[in-house]
Amino acid sequence: MNYWLVKTEPETFSWEDLETKGSSMWDGVRNYQARNNLRKMKTGDILFFYHSGKKPGIVGLAEVIKEYYPDPTAKEGDWSVVDVKPLQKLKRFISLAEIKQTPELQNMVLLQSMRLSVQPVRSEEFSLIQKLALQDQ
DNA sequence: GCCAACGTTGGC
DNA sequence: GCCAACGTTGGC
């Protein structure tokens, strides 16, 4: 099983929107690296759901429920989507600032490659962040 | 609102 | 194939 992080602007599509919908197509990816990551996702892989913008950070956990297929919103080009469903909101919001302050998380793709909207997360990073979310801050 | 980091485009 | 110009993302 692999872990990923997907970014979204909450004004466009938020964690609450995903919970309301129940499941959703992850569409609109128009970056090759991000697309290639989407294509590596397998059913059952877990995603960190990240809000960018005013209050950047990780909000919740989602799961891949359908592997990649052509993006119906793409007018041209070879783009893909996967389907995801919400699993649970993190017990505690993990802000980008907190990730930046955590020594063990300095190698996260999130910090190395700030603009990539679909990115892999190492399993150590995934479990540490989950642990942090259970702690009081 | 600013600006750095990137990605893309297009001229040569 | 190089590189300047431009557009976009996203943190601050």
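Within every chain, numbering begins at 1; the chains are lettered A, B, ... in the order of the sequence lines, protein sequences first and strands thereafter.
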Which nucleotide in the list C:dC12, C:dG10, B:dG7 gets nearest to the side chain of A:Lys7? C:dG10
To the nearest Å, give me how far apart CZ (A:Arg115) and P (C:dG7) are. 14 Å
Return no unless some side-chain N or O of A:Lys100 is found under 4.0 Å from OP1 or OP2 of C:dC12. yes
May I have the distance from A:Met114 (atom CE) to C:dG10 (atom P), rounded to whole angstrom? 9 Å
Could you tell me how far apart A:Glu9 (CD) and C:dT8 (C1') are, to the nearest whole angstrom? 10 Å
Pick base, sugar-phosphate or nothing for A:Leu96, based on heavy-atom distances below 4.0 Å to the nucleic acid. sugar-phosphate
Establish, yes or no, whether a centroid distance under 6.0 Å links the rings of A:Phe126 and A:Phe48. yes
Can you check whether A:Tyr69's main-chain N or O pairs, donor with acceptor, with A:Arg39's side chain at less than 3.5 Å? no
Heavy-atom count check: over 12 atoms from other residues, nucleotides or ligands less than 6.0 Å from A:Glu104 CD? yes
Can you tell me the distance, in whole Å, between the CD atom of A:Gln112 and the P atom of B:dC6? 10 Å
Between B:dG7, C:dG10, C:dC12, which one does the side chain of A:Gln33 approach most closely? B:dG7
May I have the distance from A:Asn31 (atom CG) to C:dG10 (atom C1'), rounded to whole angstrom? 14 Å
So, does A:Tyr50 get its side chain near the phosphate of C:dG11, meaning an N or O under 4.0 Å from OP1 or OP2? yes
Suppose we call two aromatic rings close when their centres sit under 6.0 Å apart. Are A:Phe49 and A:Trp4 close by that rule? no
Taking all non-hydrogen atoms of both residues into account, name the closest pair between A:Glu16 and A:His51 and its distance. OE1-CE1, 4.1 Å
CD1 of A:Ile99 versus C1' of C:dC12: gap in Å, rounded? 16 Å
Rounded distance in Å - NE2 (A:His51) to C1' (C:dC12): 19 Å
Atom CZ of A:Arg30 to atom P of B:dT9: distance rounded to whole Å? 13 Å
Proximity to the side chain of A:Tyr32 - top-ranked nucleotide from B:dT8, C:dG10, C:dG11: B:dT8
